[in-house]
Protein chains: 2
Amino acid sequence: MASTGPLAHRPRIAVIGAGAVGSYYGGRLAQGGHDVHFLLRSDFDAVKRHGLSIKSWVGDFELPASRLNFYRDPREMPAADWVIVTLKTTHNDQFEALISPILKPETAILTVQNGLGNEERLAALFGGERVLGGMAFTCINRVTPGRIEHIAHGQIRLGHFNGGPGERASHIAAIFNDCKVACDVLADLRYGRWEKLEWNVPFNGLSTVLDQTTDLLLATPEGQGLVRRIMAEVIASARACGVPLGDDLIDINVKRTLNMGAYRTSMHIDRQLGRDLEVEAILGEPARAGAAAGAANPCMQAIYAMARMVSGACIAAGRAEPRTLPARGST
Amino acid sequence: MASTGPLAHRPRIAVIGAGAVGSYYGGRLAQGGHDVHFLLRSDFDAVKRHGLSIKSWVGDFELPASRLNFYRDPREMPAADWVIVTLKTTHNDQFEALISPILKPETAILTVQNGLGNEERLAALFGGERVLGGMAFTCINRVTPGRIEHIAHGQIRLGHFNGGPGERASHIAAIFNDCKVACDVLADLRYGRWEKLEWNVPFNGLSTVLDQTTDLLLATPEGQGLVRRIMAEVIASARACGVPLGDDLIDINVKRTLNMGAYRTSMHIDRQLGRDLEVEAILGEPARAGAAAGAANPCMQAIYAMARMVSGACIAAGRAEPRTLPARGST
C-alpha cells in the first residue's frame, strides 16, 4: 500500500511533455489557480508568443503567456511537489534526464501515458512509493503548437503503482475534480491498465496495421472474429499476470465500439501523420508480460510484430517526425 | 493411384482462363504444333486483332490470330482431351459453367492455379480420377490484352489428384517438355502444394496486409520472426493433414527469399492494382484444412482474416476490377 503522505496544500506541479494531453490537463490546473510549470520543446516559441488556447466541450479558455510558467530545459525548472508525465511513450528513454532535475525526496510522479510499463520504468528509476499511474479517457488534439482541441470525454482514472487507493491519489483526484477534470481513484491500477488494454491492443493494433477505422475492423465476420480473438488473448495475458479480467468485457467492448462509428485510434492517427508509433507500450509490453507469465498470445505477438514492421516502414519512408515532444492523439 | 489411360496421341487441349499464365503455357503448346483452344473474355477483341505476342526469356514468339483457336463462350468450343484451368481462383465458382461444355468422359483436367482446394473442387464436380494439379514456378505478366511477358523461371510441377505419378501426368509432362516448358511429375501432389504454401502463406499474406515487398518483411527481427512463426504453423497444418513437411524448409525458404531482393508477391501486386485477391485459395483453405485436422494455426487464421479485411477495403474503395477473367501475376 502507498504510504507517503498527502501533497502540500498548494502543490507545485510540473508537466513533463506538454503535447495535447499535457497542455490540456496542465492547462485546466493552471486555470484553476494552481502553480503549474510546463516543460515544452517544439511548442516553446508558439506558447511564448500566443500562450495556450484551449477549445473544449467542457468550456473554452485561454492562458496568456504572462500567466504561464514554461521552460525548454528541466534544469531551469523549480523542484516540484507533483510531476505529471505526459510524454509520448516513445520518449520514455528520456525519463531520467527530464524528471531527475525537478525531484524532491517526496515528489509524487503521476504518469498519464498509454499502455503498459510506464509506472514500472519510473519506479525502477525513482522508487515505486512515489509513482502513480493515470489513464486519460479522452479525445484531445493539438491543432497547432499551443492550440489544443478537447473534443469529447476527459475523465482521468488514477491509482498508486504500489497498489491501493492511498491519500496521494485521493488528493490529486480532488484537485483535478476542482478543476473541471472528472477524476476517479482506482482500487487497482493494474486492473485498470489491463482493462484499457483489452480495447487498445486489438483496436490500436489492427487499425494501425490495416489503416482502417474501428467500424471497418468490425464490419466483417473475419474482422470481428479477429478482434474478439485478440481480446481473449489480452484477457488471458492479464489473468496470467494476476489481473482477473472477465470474459464479458469482450461483448461489452465490441458493442461499445460498434456505437463509436468510424473512430480513428491514436496509433492509427500517428501512422497517418507519419509520427512515431507507441508500439512498445500498447502492444509490445502487454504481449511480453503475458507470455512471460505463461499465457499463449500468438495473435498479440503477431500484431505487435506487424505494427513494428509498419512503424519501420514509416521511418524508412522518411515520414517520421524529428524526435521532439510530439502531440498526442485520442485513445 | 490414377488408373485412366494415356491421352490421345495428338490431344485437343482447351485452356480455360487465358490470362498471363494460360496464354503463356497454352501459347507454348500452340507454338509446338498442338491443337490448342483458348477461352478468352476480356482479351478476346485484342487477340482477334493482333494475336498473342509473347516476350520470354526462353525465346520470344508471336501467334497470329489466324493460327489461333479462341472463343468467348465455352459452349462454342469443341470437346477437349485435356483441359488446362488457369482461372484466377476467385472465379472457381464458374468451374461448372466453363468446363462442363467441353468435357468428354475421359477428358483430363489439369488445374494450374494457386493455393489449396482447386483439385478438390474439380474432383467434386467432375470426378477425381481425371483431375491433375500443377504448380507454375514462374514470373509471367500480362502487359496489355494479348501481350504477355515471361520474365523468369517457368517450370511446372504436376501430379494426379488421386495420388501417384500415373501415365497421364507423364504424358502431359512430356508434351510440355517438348514445347520448351520444363515440367516434372510429382510423386505426391499434396506434398508439393503444401511445400509451396509454406512460402506462399507468410509472404503472400504479409506482403498483402502490410503492402511491403519480401525484403522488407525479412528486414527486422520482428518481421523475420513472424514469417518463421507462420511457416511453422503451415508445417504443423500440413503434418496434421498427413503431409510430412520438414522443419528445415523454414531456413531454406527464408534464405532463398533473402536472396530474392525486393520481390512483390502475386497477391501484393493484385492489391496494388486493385484486383481481386486470391485470399481463399492461398490463405483461407490452408488455415481451415489445418485447423480441421487439429493443428493450432492462430497466426495463419489472423493473417487470413486481415487479408480478407484488406480485400474488403479494396472493394469498398471501388478499386476492384469488374469480374472478368483477369491477368495473373507472379507467384
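Note: hydrogens, waters and symmetry copies are ignored here, and every other heavy atom, side chains too, is used.
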Would you mind reporting whether [Y] and [X] have side-chain heavy atoms less than 4.5 Å apart?
| X | Y | answer |
| --- | --- | --- |
| A/L87 | A/F95 | yes |
| B/E120 | B/E285 | no |
| A/T89 | A/E280 | no |

Checklist entry - Does anything in residues 198-222 of chain A pair up under salt bridge (Lys or Arg N to Asp or Glu O under 4.0 Å), and if so which pairs, sequence neighbours excluded? => result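 The answer is A/E222-B/R308.
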Checklist entry - Is there a donor-acceptor pair closer than 3.5 Å between any side-chain N or O of B/D188 and the backbone N or O of B/R190? => result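 Judged by distance alone, yes, a pair lies under 3.5 Å.
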Checklist entry - Based on non-hydrogen pairs under 4.5 Å, which of B/L206, B/L210, B/V209 is most in contact with chain A? => result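 Option with the greatest count: B/L210.
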Checklist entry - Say you draw a straight line from OG1 of B/T208 to CZ of B/F203; how long is it, rounded to the nearest 0.5 Å? => result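 Going from the OG1 atom of B/T208 to the CZ atom of B/F203 covers 12.5 Å.
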Next on the checklist: With a strict 4.5 Å heavy-atom criterion, list every residue of residues 225-255 of chain B that contacts chain A, or say none.
Outcome noted: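 Heavy-atom contacts from residues 225-255 of chain B to chain A are B/L226, B/R229.
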